[in-house]
Protein chains: 2
Amino acid sequence: MFFSKSCEYALKATMYLAKQGDNKRVGIKVIARDLNLPADYLNKVLQILVKHKLVLSSKGRYGGFYLTKNELNKSLLKIVKAIDGKDIFNRCGMGIENCSGEKPCPLHNDIKAYRDNILFVLSNKSVASTTSQINNGVTFLSKKVQM
Amino acid sequence: MFFSKSCEYALKATMYLAKQGDNKRVGIKVIARDLNLPADYLNKVLQILVKHKLVLSSKGRYGGFYLTKNELNKSLLKIVKAIDGKDIFNRCGMGIENCSGEKPCPLHNDIKAYRDNILFVLSNKSVASTTSQINNGVTFLSKKVQM
DNA sequence: ATTAAAATATGATATTTATCATCTTCATTT
DNA sequence: AAATGAAGATGATAAATATCATATTTTAAT
């Protein structure tokens with residue numbers, strides 16, 4: 001309905017890493033177990049984020065995925081765009097090719113208004129910003145209450 | 001990003017039929033040609049709408065798909081729900097199973113606001129309401145300007 | 001009655017997305 | 001240096017969605 005599954009996984013995983021704090025390396029198996037996600041698939045997704053430098057990784061023993069201050073300050077929008085592509089926020093809601101402000105589809109203005117809004121939210125929320133609410137038990141990343 | 005292709009096709013086709021006016025029967029080939037959509041697939045989609053009584057049809061020579069006042073007054077939301085299912089507006093944006101107001105994911109409130117807005121628009125816009133703007137050249141259903 | 005033109009029903013194929021599995025590369029510990 | 005445990009790369013499979021194709025049923029005109 002909104003993001004692809006890959007994108008959902010990417011968001012969960014980065015928020016999860018953020019929650020673990022600065023520079024804490026976590027292996028894919030642990031992330032997948034805690035978030036209840038298929039490990040190998042999540043791995044692929046994270047590798048895309050690594051390529052986009054939205055997540056860091058180190059190989060070898062005691063390696064894993066992690067974030068530093070730099071990654072923690074990036075917006076959630078960057079995660080979304082890295083996985084679902086740059087123009088999921090531009091594509092016409094009715095699938096009309098050259099739908100635009102000048103030549104809109106019947107839903108263009110309605111959809112655009114609200115989309116711009118969510119775009120704004122995602123571009124203004126940093127990965128780090130989700131952590132405190134999660135730690136306070138205000139929001140959750142999985143069915144299970146705590147990890 | 002929002003609706004499935006099937007749903008996009010359904011919306012286009014009903015708006016197209018609305019534009020043709022009351023009781024005007026149009027065959028699938030003509031609809032598909034005018035909207036630039038794959039005819040056989042569109043056919044399948046329209047048959048779902050027929051089953052939901054959102055579109056009427058008559059078989060045989062001079063048959064086709066059409067709308068009456070009754071169908072014209074139904075909301076766009078009904079089209080969407082018939083094709084993409086009842087709960088595309090409820091499913092958690094991050095894919096968390098029991099995400100809810102009490103136990104929200106980190107994006108719950110933002111996404112909910114967005115979706116509620118779209119839901120409101122769709123439930124308040126009738127199929128017929130899209131016609132005049134299309135006829136006035138304010139909005140469009142396909143690349144081609146007129147049909 | 002026959003025929004033609006339409007929807008309806010159904011199944012096969014293709015494409016996209018998601019998942020599973022395996023092998024390679026690399027860094028760290030011993 | 002060797003062994004281990006992690007990410008990285010790649011390919012195979014499965015599932016969901018979209019598309020293509022065909023045979024059947026129905027209606028209306030002739």
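Each chain gets a letter, A, B and so on, in the order its sequence line appears, and its residues count up from 1.
- Remark: aromatic rings of B:F2 and A:Y114 are distant, center separation not under 6.0 Å.
- At whole-Å resolution of the value, CZ in A:R25 and P in D:dG8 are 12 Å apart.
- Partners of A:Y41 according to the side chain to side chain contact (heavy atoms under 4.5 Å, CB included) rule, which considers only residues two or more places apart in sequence or in another chain, are A:S6, A:Y9, A:P38, A:V45.
- Considering only residues two or more places apart in sequence or on other chains, B:K24 meets the side chain to side chain contact (heavy atoms under 4.5 Å, CB included) condition with B:Q20, B:V26.
- For the pair B:K29 NZ and C:dA4 P, the computed distance is 14 Å after rounding to whole Å.
- If you find the closest nucleotide of DNA chain C to B:V26 and to A:P38, the one lying nearer the 5' end belongs to B:V26.
- Taking atom NZ of residue A:K24 and atom P of nucleotide D:dA6, one finds them 13 Å apart after rounding to whole Å.
- The hydrophobic clustering, which links ILVMFWY residues whose side-chain heavy atoms are closer than 4.5 Å, places A:V121 and A:V80 apart.
- Between the P atom of D:dT13 and the OH atom of A:Y41 lies a distance of 18 Å, rounded to the nearest Å.
- Under the rule for a side chain to side chain contact (heavy atoms under 4.5 Å, CB included), the partners of B:T139 that lie at least two apart in sequence or sit in another chain are A:P104, A:P106, B:Q133, B:I134.
- Remark: C1' of D:dT19 and CD1 of B:I28 are 14 Å apart, rounded to the nearest angstrom.
- One can place CG of B:L56 at 15 Å from C1' of C:dT8, the figure rounded to the nearest angstrom.
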Please tabulate the protein-to-nucleotide N/O contacts below 3.5 Å involving nucleotides 27-30 of chain D, giving atom names and distances.
| from | atom 1 | to | atom 2 | distance (Å) |
| --- | --- | --- | --- | --- |
| D:dT27 | O2 | B:R61 | N | 3.2 |

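- Within residues 43-52 of chain B, the residues approaching DNA chain D are B:K44, by heavy-atom distance under 4.0 Å.
- Residues that satisfy the side chain to side chain donor-acceptor pair (under 3.5 Å) test with A:S100, not counting sequence neighbours, are absent from this structure.
- The salt bridge (Lys or Arg N to Asp or Glu O under 4.0 Å) contacts involving residues 50-78 of chain B comprise B:D22-B:K69, where partners must be two or more places apart or lie in separate chains.
- Between A:I31 atom CD1 and D:dA6 atom C1' there is a gap of 12 Å when expressed in whole angstrom units.
- Of all the residues in residues 5-15 of chain A, A:K5, A:S6, A:Y9 reach under 4.0 Å from DNA chain C with at least one non-hydrogen atom.
- With rounding to whole Å, A:D40 atom CG is found 13 Å from C:dC23 atom P.
- The side chain to side chain donor-acceptor pair (under 3.5 Å) check on B:K112 picks up B:D116, with sequence neighbours excluded.
- In this structure, B:Y62 stands alone, with no Ile, Leu, Val, Met, Phe, Trp or Tyr side-chain heavy atom under 4.5 Å from its own, directly or through other members.
- When hydrophobic side chains of Ile, Leu, Val, Met, Phe, Trp and Tyr are connected at separations under 4.5 Å, B:L56 ends up clustered with B:Y66.
- Identified under the side-chain hydrogen bond (donor to acceptor under 3.5 Å, both in side chains) test for residues 119-129 of chain B, with sequence neighbours left out: A:D110-B:K125.
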